[in-house]
Amino acid sequence: MSAAYPFSAIVGLAELRLALVLNAVSPAVGGVLVRGEKGTAKSTMVRALASQLPAVAVLPGCRFSCDPAAPDGQCPDGPHDPTVAGTTRAARLVELPVGASEDRLAGSLDIERALTEGVKAYEPGLLAAAHRGVLYVDEVNLLHDHLVDLLLDAAAMGTSHVEREGVSVRHAARFLLVGTMNPEEGELRPQLLDRFGLTVEVAASREPRERAEVVRRRLAYEADPDAFAARWAEQDAELAERILRARKLLADVVLPDAELERIARVCASFEVDGMRADLVTARTSIALAAWHGRTEVLAEDVRQAALLALPHRRRRNPFDAPGLDEEHLDEALRDPEEPQGEPEPEPEPEGDGPDGGGAPPPSADGDPSDGSGSAGEAPESTRAAPSSAAGTEDAPVEGAPAAAGGGREQAAVAAAEPYRTRLFAVPGVGQGAAGRRSRARTANGRTTGAQVAAGRVTRLHVAATVRAAALHQRARGRTGAGLVLRRADLREAVREGREGNLVLFVVDASGSMAARKRMRAVKGAVLSLLLDAYQRRDKVGLVTFRGADASLVLPPTSSVEIGAARLAALPTGGRTPVGAGLLRAHETLRVERLRDPQRRPLVVVVTDGRATGGPDALGESRRAARLLAATGVASLVVDCESGPVRLGLAARLAEDLGGGPVVTLDELAADGLAGLVRDTRSAA
Ligand SMILES: [Zn+2]
């Protein structure tokens with residue numbers, strides 16, 4: 001095996017380098033989440049970290065890395081002989097693949113041997129291997145839910161616990177959690193996000209000289225990995241030495257009260273949840289002081305620590321990306337007695353609003369999103385004032401005269417406040433990736449039956465196994481009390497859980513929908529469904545149609561945040577080419593079936609069904625709907641028709657689409673009038 005890429009040889013990524021080093025100095029910092037696009041060498045750098053970690057003292061023969069100074073009393077390989085001397089081994093970096101099985105992560109109990117031979121056979125998993133080292137998850141945002149739960153449990157308890165059919169094993173599992181992710185592929189669940197001590201954003205350098213150096217080193221490494229590593233060995237060794245020195249210094253570092261209060265002030269100012277932010281910032285400040293060879297934490301350590309520890313802890317709604325406003329940070333860091341220039345009364349940029357008369361009191365400086373300037377468009381759209389949504393007039397946008405049905409181009413309307421929606425599931429039982437929408441055969445979930453075991457048994461169905469064995473007891477010459485079991489008797493549990501789906505929205509953005517109040521409600525409905533899709537681990541896509549054509553505004557993705565942003569920016573107006581929208585959906589699903597065949601789609605058509613835009617617009621729409629129905633795709637029509645004259649076109653569209661449910665905007669809400677749903681298919 002050729003040498004790994006050396007840690008010191010990586011160009012740039014200074015913040016990531018520091019975050020990793022601080023964790024090496026003080027594992028109590030709690031790991032790093034690295035966010036950034038692909039191809040930034042973030043994974044290379046994380047993998048190279050192992051070589052920089054101090055060696056670990058272990059007991060020979062213990063598969064659970066017991067510390068010779070304090071062996072684990074519950075160690076499955078114990079009790080350990082206290083006279084055996086310890087040895088050292090290099091620190092480990094263990095990689096957890098996102099699609100790993102539960103057994104791979106937590107270890108597996110061999111039920112077969114437990115039953116047929118009466119021995120407790122436990123094969124340690126990745127959590128055991130990572131104990132006292134690093135557990136690295138690339139694409140951590142794509143990690144299966146049941147693995148996330150296991151990981152959160154282990155991280156919270158510092159132990160891993162495996163139980164199968166009444167046989168259980170427990171062992172210590174304390175590790176540094178490092179994750180990398182590409183935010184374009186979806187955000188992380190908040191509980192998991194909170195588990196990472198620090199976050200770092202990385203991007204490829206835009207500096208040509210630096211980019212050239214990256215390529216130069218990469219080529220040199222590929223040409224001769226061993227020679228390349230040898231050239232950097234000295235620098236790596238120096239770094240490892242400095243980490244070791246800092247680790248020894250750690251216990252002597254003092255955190256003065258003034259700096260501790262500074263930390264508390266900053267955390268309070270960013271309205272973080274709970275106390276974890278304060279703790280992590282304090283530990284990181286201490287590690288920073290030790291790294292710089294000091295025994296006292298300074299204000300600059302606190303600032304640096306806050307930049308690493310707080311971006312992902314700021315309170316926010318699920319669609320906001322982590323981030324920290326540095327101006328706000330510097331204000332919060334300032335000593336309270338320090339004289340600060342009285343801020344001059346700034347002209348209020350929002351003065352052109354409906355109530356823009358009086359200047360607001362200076363209490364507005366508590367909102368961290370205020371200083372972010374031009375990026376303020378997305379939050380505005382998800383936080384539309386509820387009072388304006390409750391307005392009675394159906395006012396057209398920008399004061400334009402009655403726009404309904406007209407061909408006028410209109411500016412984007414903000415969405416109404418999102419709400420919890422009812423569950424719409426794909427009928428039948430799928431086999432897709434774990435999620436929370438439709439019924440599916442999964443590795444987890446409740447037991448619904450038994451089948452003859454194929455391969456290694458991990459989910460034994462005890463009753464079915466005993467039944468199968470019982471028939472043969474006489475033939476096998478049973479004499480004692482116990483059952484005589486053979487391998488062929490073993491029955492495996494068949495489990496049913498839930499899968500995530502692809503929810504493809506097909507949204508009518510034409511003039512007939514464009515009355516301001518209605519479009520606000522429609523966007524609010526789609527935003528609510530998007531939020532629901534996020535919680536159910538679905539992929540989402542967005543097709544819109546207006547004017548002459550339909551477009552795929554959002555190709556299927558796990559990033560619901562991008563979906564919400566595209567929705568907010570969606571303009572409305574023009575004719576209503578329903579048929580084109582459905583054809584575009586048909587094409588999108590065809591491509592997705594090739595890419596991700598196990599993921600079953602749900603098409604959500606949001607329209608009043610009034611197809612216009614050609615002599616046979618209605619006929620085109622019906623033909624497109626039947627074409628889509630012929631693929632067997634499940635659908636839901638959200639009927640947006642309003643006004644005194646109702647044509648009921650949306651209901652007809654739903655029938656052409658294969659008879660899925662039709663709901664009005666009011667019926668979408670979880671606490672709405674569910675009894676009124678015309679539900680020709682089960683949409684439990
Ligand atoms: Zn042990």
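Nothing here was measured: the structure is a model prediction, and the numbers come from that model. Positions are given from 1 along the sequence. Numbering of ligands and ligand atoms starts at 1, following listing order.
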State, without any angle test, whether Thr180 and Asp138 hold a side-chain donor-acceptor pair at a distance under 3.5 Å.
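Looking only at side-chain atoms, Asp138 and Thr180 do form a donor-acceptor pair, the distance falling under 3.5 Å.
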task: Mark yes or no for whether Arg132, through its side chain, and Ala129, through its backbone, hold a donor-acceptor pair below 3.5 Å.
output: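 No; zero donor-acceptor contacts below 3.5 Å.
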Query - Row check, Tyr5 ring normal vs Arg217 NZ/CZ: under 6.0 Å, within 45° - result: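 No, Arg217 does not sit over the ring of Tyr5.
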For the residue pair Phe228 and Tyr221, categorise the inter-ring angle as parallel (less than 30°), tilted (30 to 60°) or perpendicular (more than 60°).
->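 Phe228 and Tyr221: perpendicular rings.
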- In degrees, rounded to 10 degrees, what angle do Cys75 atom SG and Cys62 atom SG make at the Zn ion (ligand 1)?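 Output for this angle: 110°, rounded to tens.
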Which value, rounded to 10°, describes the SG(Cys66)-the Zn ion (ligand 1)-NE2(His80) angle?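 Computed angle, vertex at the Zn ion (ligand 1), rounded to 10 degrees: 110°.
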query = Is His171 close enough that one of its N/O/S atoms sits under 2.8 Å from the Zn ion (ligand 1)?
reply =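 It does not: His171 brings no N, O or S atom closer than 2.8 Å to the Zn ion (ligand 1).
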